[in-house]
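What follows is one structure encoded as structure tokens, with my remarks underneath.
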Amino acid sequence: MSACAPPRTEHSPPTTPPPRRRRVRVESADVSACIAVFLIALPLSLGIALATGAPLQAGLVAAAVGGIVAGRIGGCPLQVSGPAAGLTVVTADLIHQYGWRATCGITVLAGLAQLGLGCLKVARGALAVSPAVVHGMLAGIGITIAVAQVHIVLGGRPDSSVLTNLRALPAQLAHLDPASVVISALTLTLLLAWPRIPDPVGGLLRKVPAALVAVVGATVAAALTGITLPRVDLPSWRSHALAGLPEGPTLGIVAAVLTTTLVCSVQSLLGAVAVDKLAAGRTGPARVGRSDLDRELLGQGAANIVSGALGGLPVAGVAVRSTANVNSGAVSRNSTMLHGGLVVIAALLLVPLLEQIPLASLAALVMAVGIQMVSLNHIRTVTRHREVPVYVATTLGVVCLNVLQGVLLGIAVAVALALHRLTHTRITHEEREGVHHVRVRGQLTFLAVPRLSRALHRVPHGTRAVVELDGSFMDHAAYEALQDWRSSHTARGGSAELKDRRTGVRSAGAPSSTVCRCRPWTPWRNHRCDMPTAAMSKGGADSTGASRPDTHELARGISSFQRNTAPLVREELARLAREGQRPSQLFLTCADSRLVTSMITASGPGDLFVVRNVGNLVPPPGQEHADDSVAAAIEYAVDVLGVRSITVCGHSGCGAMQALLAAEPGAAPTPLRRWLRYGEPSLARLADGRPERPRLAPRPVADAVEELSLANVVQQLTHLRAHESVARALAAGALELHGMYFHVGEARAYLLGGEGAEGDEAEAAVFHEVREDAKEDVREAPEVGSLV
């Protein structure tokens with residue numbers, strides 16, 4: 001408190017007014033997206049409830065609760081939750097064993113389990129499940145759904161067992177109901193044909209969901225023709241059954257809760273990962289960050305507790321509705337919550353219309369969903385990764401046993417397959433044209449060392465040998481055995497070439513006494529070669545006879561390149577010499593020695609046109625006494641080389657930014673000071689009181705130097721857009737600008753997102769971390785849109 005401020009008494013009014021309540025603002029994009037999601041969710045919720053054997057209004061309850069509760073609490077704002085086809089088999093089995101009210105109680109217990117898992121922050125552990133197991137689980141559930149719904153489509157009633165339904169199918173075909181078949185066929189025809197209506201009319205019509213068109217069309221056709229069919233029956237909400245305590249063997253109830261928890265959690269978490277990918281691929285400013293998977297698990301748990309307590313189906317993230325939400329332009333969780341509100345209104349006010357829908361139409365819709373869950377793309381993926389046994393075992397386990405046992409069977413097969421790959425190594429030896437080839441296929445571990453030694457000792461002394469490694473892993477024991485043999489073989493006058501077939505890296509011969517003694521797999525970090533004294537005596541002394549270490553270090557590096565790297569890149573460099581350089585990117589970064597552009601961008605010769613200067617500065621055009629070297633490089637890259645993108649890359653601990661912050665007014669105009677004047681607008685950007693400063697999305701800015709480095713990247717992009725050649729290429733749509741920040745100590749790269757890379761909006765200058773799976777996600781979550 002200031003010394004001159006009057007003392008406050010007990011009855012003194014507060015010195016600051018109370019905070020104003022924030023008004024909730026709903027974007028128009030969220031409103032249009034919620035309508036699209038609602039139109040998809042309404043018929044599918046009824047159809048999934050029909051497929052499980054639950055009261056039909058239970059599907060509406062789950063859709064409303066999933067939208068409102070999971071949408072409000074969950075960690076993936078754009079994911080839409082509700083009754084999912086992936087839970088159909090599990091729920092149907094629970095209803096068959098325990099009854100409907102007990103199934104609602106099990107749903108509540110599963111929600112509590114999800115809350116516990118969310119509090120323990122183990123959500124990412126679900127992503128450790130093999131993709132083949134997940135795909136196989138979905139395929140098994142899809143087959144089960146499709147086989148069961150075929151009976152309703154033909155006018156009969158399905159059994160709870162897939163095998164029983166298959167055995168009863170011939171008899172059902174002999175006694176089919178023509179009316180049900182006609183309505184089902186009409187539903188499937190509309191469902192398949194609607195997305196394929198050609199443009200330009202199709203572009204407008206496809207804004208209406210195909211599922212809604214199919215069900216409405218079948219309902220109208222049934223009403224106009226007067227066909228008598230079983231229709232939707234929504235009992236009065238006054239007689240709606242709520243959750244009850246499950247009764248039965250404790251182990252059985254625990255297994256039921258675990259199964260529900262597993263399927264709900266895995267489907268929701270993998271769906272959240274897929275929604276992140278879909279949202280990241282949208283054009284325009286990024287309004288939603290990456291999902292918080294632990295919070296998403298908490299949101300799903302809360303939704304299941306509320307849905308089960310109110311007599312609704314289990315809730316999980318639903319990919320088709322989430323896809324529609326993202327593609328419709330949703331920008332916040334408001335679209336998901338509004339869609340839940342629309343479901344509540346429909347459940348209360350549209351009952352007479354809903355009761356006109358034929359059950360055969362809903363059954364055909366759900367059957368199509370089940371067929372789509374057996375994804376050909378998933379099958380191609382598991383085939384490419386040689387995980388077909390895992391996929392088949394999981395699918396058959398789900399179809400013939402149940403979901404939990406099928407998943408456990410798939411996990412067991414996945415573990416067995418991994419162990420087989422780790423221990424099964426094939427080692428062959430053959431002689432071709434006087435050269436002895438030893439090829440190793442598989443992982444090279446200590447278990448394979450005896451067989452490796454036997455194969456290597458078949459190579460006669462004094463001969464040429466090539467060892468081909470066709471695997472992704474080598475442990476220390478195998479590495480030492482291979483190096484010991486190589487040293488022994490070369491000491492007896494032979495030559496040994498090690499070739500990694502996976503990467504193409506070769507290492508030939510034995511190190512001589514005058515070259516670097518580092519082994520082929522020596523880590524690059526802090527790399528220093530121990531050179532013998534003899535090598536030092538061959539030259540490199542000053543007038544006093546003292547050796548020059550820096551000269552020797554440079555010479556050793558050049559010698560290492562000539563010996564090890566040049567043979568690998570000579571052919572490619574020769575091609576580039578003939579054809580000329582054709583880089584696709586201009587990379588403008590700082591001259592700091594710690595920034596190795598080829599390393600942090602995984603690029604090679606001819607990929608990048610690199611411009612480096614102190615502080616990664618871009619002098620704006622038109623200034624008196626401006627430095628033209630950077631402008632000349634930009635003009636040459638854009639107009640002559642035709643690069644498609646320009647990246648300005650700043651970094652942590654930048655000395656130029658430190659110099660800018662420490663600069664004193666009136667200091668002598670040294671060359672460095674004159675150059676750094678192009679960075680003074682970056683200082684002004686931070687001092688002009690803008691509401692949002694440039695920042696890193698995952699964490700707060702560490703210090704003033706980092707904040708200035710981020711602002712400098714944004715400012716230099718502004719300078720870059722002022723250059724005539726850049727402005728012309730941007731206007732023609734032939735060029736993109738990107739901002740990048742590299743943290744040296746963390747070895748992490750961040751890309752500028754939002755308007756910051758395309759416009760001059762400070763509030764959009766957010767740098768997002770580039771994930772390791774940004775382009776090739778090892779986890780391979782199920783494709784968005786592949787399941788409902």
**Item:** Over all atoms of both residues, closest heavy-atom pair of D276 and S291
**Value:** OD1-OG, 2.8 Å

**Message:** Can you give me the closest heavy-atom contact between A272 and Q79, atom names plus distance?
**Reply:** N-OE1, 3.2 Å

**Request:** Could you tell me the separation between the CD atom of E468 and the OG1 atom of T428, rounded to the nearest 0.5 Å?
**Result:** 8.0 Å

**Asked** Does a sphere of radius 6.0 Å around CZ in R644 hold more than 12 heavy atoms from other residues, nucleotides or ligands, not counting ones at 6.0 Å or beyond?
**Response** no

**Request:** Output the distance between atom CZ (R578) and atom CG (L573), rounded to the nearest 0.5 Å.
**Result:** 11.0 Å

**Asked** S487 side chain to Q483 main-chain N or O, any donor-acceptor pair under 3.5 Å?
**Response** yes

**Prompt:** Does D294 use its side chain to pair, donor to acceptor, with the backbone of A123 at less than 3.5 Å?
**Reply:** yes

**Asked** How far apart are the C-alpha atoms of L617 and Q716, what are their side-chain angles, what is the distance that settles it, and do they pass the side chain to side chain contact (heavy atoms under 4.5 Å, CB included) test?
**Response** CA-CA 6 Å; L617 302 179; Q716 300 313 314; 3.7 Å; yes

**Message:** Using only atom types and a distance under 3.5 Å, with no angle test, would you say the side chain of E706 pairs donor to acceptor with the backbone of A702?
**Reply:** yes

**Item:** Option passing side-chain contact (heavy atoms from CB on, under 4.5 Å) with L710 (candidates V705, V766, L696)
**Value:** L696

**Asked** Backbone N or O of G136 within a donor-acceptor pair of the T395 side chain at under 3.5 Å?
**Response** yes

**Asked** Under a 4.5 Å cut-off applied to non-hydrogen side-chain atoms, are L456 and L482 in contact?
**Response** yes

**Item:** Enclosure of E571 CD (heavy-atom neighbours >12, cutoff 6.0 Å)
**Value:** no

**Message:** I'd like to know if the side chain of E296 reaches the main chain of S268, judged simply by a donor and an acceptor atom lying under 3.5 Å from each other, with no hydrogens or angles considered.
**Reply:** no

**Donor-acceptor under 3.5 Å (N712 side chain, G615 main chain)** = yes

**Request:** For the pair D592 and V744, evaluate side chain to side chain contact (heavy atoms under 4.5 Å, CB included) and give the outcome as yes or no after the intermediate values.
**Result:** CA-CA 10 Å; D592 192 294; V744 177; 5.7 Å; no

**Prompt:** Can you check side chain to side chain contact (heavy atoms under 4.5 Å, CB included) on T589 and F742, steps first, answer last?
**Reply:** CA-CA 10 Å; T589 189; F742 183 74; over 6 Å; no

**Item:** 4.5 Å side-chain heavy-atom contact, V467 and W485
**Value:** yes

**Item:** Rounded distance (nearest 0.5 Å) linking atom CE of M740 with atom CG of L588
**Value:** 12.5 Å

**Message:** Can you tell me how the ring of H743 sits relative to the ring of Y741, calling it parallel under 30°, perpendicular over 60° and tilted otherwise?
**Reply:** perpendicular

**Prompt:** Are H135 and I379 side-chain neighbours, meaning at least one heavy-atom pair lies under 4.5 Å?
**Reply:** no

**Q267 side chain vs G317 backbone, donor-acceptor pair below 3.5 Å** = yes

**Minimum heavy-atom distance between S265 and T261, given as atom pair plus value** = OG-O, 2.7 Å

**Request:** Classify the ring geometry between F609 and Y636 as parallel (under 30°), tilted (30 to 60°) or perpendicular (over 60°).
**Result:** tilted

**Prompt:** Between the side chain of R451 and the main-chain N/O of T425, is any donor-acceptor distance below 3.5 Å?
**Reply:** yes

**Prompt:** So do E572 and L576 actually touch side chain to side chain, heavy atoms under 4.5 Å?
**Reply:** yes

**Prompt:** So does R612 have more than 12 non-hydrogen atoms from other groups sitting under 6.0 Å from CZ?
**Reply:** yes

**Item:** Straight-line distance of L297 CG to C76 SG, nearest 0.5 Å
**Value:** 13.0 Å

**Item:** Stepwise side chain to side chain donor-acceptor pair (under 3.5 Å) check, R486 with T490
**Value:** CA-CA 6 Å; R486 181 188 180 192; T490 53; over 6 Å; no

**Request:** Quick one: pull up CE in M657 and SG in C590 and give me the separation to the nearest 0.5 Å.
**Result:** 7.5 Å

**Item:** Sole candidate of H436, H437, H457 that passes ring pair (Phe, Tyr, Trp, His ring centres under 6.0 Å) when paired with H429
**Value:** H436

**Asked** Between V618 and I634, is any pair of side-chain heavy atoms under 4.5 Å apart?
**Response** yes

**Message:** Salt bridge check, K499 against E497: does any charged N sit closer than 4.0 Å to a carboxylate O?
**Reply:** no

**Asked** Hey, mind stepping through L752 and L717 against side chain to side chain contact (heavy atoms under 4.5 Å, CB included) and telling me if it holds?
**Response** CA-CA 11 Å; L752 178 61; L717 286 171; 3.6 Å; yes

**Asked** So how far is it from I411 CD1 to M137 CE, rounded to the nearest 0.5 Å?
**Response** 10.0 Å

**Request:** Determine whether more than 12 heavy atoms belonging to other residues, nucleotides or ligands lie under 6.0 Å from atom CZ of R464.
**Result:** no

